[in-house]
Amino acid sequence: MRRWMIKFLGALVSAAMPVLPSAAEPAAYAGPLFDAHLHYNVEAAQGPHPLDDVLGRMQRSGVRAIVANSRPNDGSKALAAASEATRRAGVTVVPFVRLYRHRDDYTNWFRDPSIEAMVRTELAAGTAAGPYRGLGEFHLYESANANGPVARSLMQLAEQRDLVVLAHVDDAAIGLLFAHAPRARLIWAHTGIGGTPVERVRALLRAHPTLMGELSYRPGLTAADGQLSPEWRALLTEFPKRFLIGSDTWINARWQAYEQLMAEARRWLGGLDAKTAGLIAWGNGARLFGLGEPRQP
Ligand SMILES: [Zn+2]
């Protein structure tokens, strides 16, 4: 075959082929997963993703426990109430109170006393799977809003009642939230979705011993080959007990990609030593909420 022909065919092949693991790539992590950032919002629950569908996706992905939160809270309560179906799927539901009744609440919850009243009512009622274990996910698009009266009050409530907080905020807001409640247990959703420098993440982990990072959508976490970037491999290895994985099923497209998202996580987890991978995949979430061994489907 002529050289140009080989080149031409080579280009065709590389355009059509997905990126496959190279022979040198480590085996993917094969143990249980704890999905620490899952939403079961109304668009999914009352649309194309009824309970059987989402539990099937979790089961096929080897997800054995989830932080369930939803807008409104009905989705989480439906998951918590489906004890037979979740048992069959081998999924333990850890319910959180979402701070949003509808989309308008995203940008005003931190100063809206009716949100705090809703949260207290939900906490008092609990769920069919037991008491709520956390608050969130909430967003702060401007870090200064961490000083809103309801944000302060809910951080203090979380600290008093040992509820875990799931917060989608920037690095400046992490310090402001901890100033209200220094011993609160806080999961930083995405660990800096705007690309907070790794050095800054490291400094925050050192400054706040109860801070943990959830890794969905984290820029720079993985390189083009789907494996961890060197700086993130170093950070996760230095702090093996401080990170969690998550799917962030905030829109239905994330549900459609659920199994792929979990496979991607398994792929980069495989690049860590087995102990660190097991902690980030499952052990840290299980410890945070006092779960035992994963359920078996
Ligand atoms: Zn989210």
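The figures here come from the full heavy-atom set of this structure, side chains too, leaving out hydrogens, waters and symmetry mates. Numbers here are sequence positions counted from 1. Start at 1 and go down the list; that is how both ligands and their atoms are numbered.
By the criterion of a separation under 2.8 Å, the protein N/O/S atoms near the Zn ion (ligand 1) amount to H37 NE2, H39 NE2, E137 OE1, D248 OD1.
For the residue pair E264/Q260, the side-chain donor-acceptor check at 3.5 Å is satisfied. H49 and Y40 form no side-chain donor-acceptor contact under 3.5 Å, judged by distance and modelled atom types alone. With 3.5 Å as the limit, one finds no donor-acceptor pair spanning the side chains of R60 and Y258.
Only one option out of D162, V97, L288, V94 pairs with R133 in a side-chain contact (heavy atoms from CB on, under 4.5 Å); it is V94.
Considering only heavy atoms from C-beta on, L33 stays 4.5 Å or farther from R64 through its side chain.
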Side chain to side chain contact (heavy atoms under 4.5 Å, CB included) between D105 and L99, intermediate numbers included: CA-CA 8 Å; D105 288 334; L99 274 51; over 6 Å; no

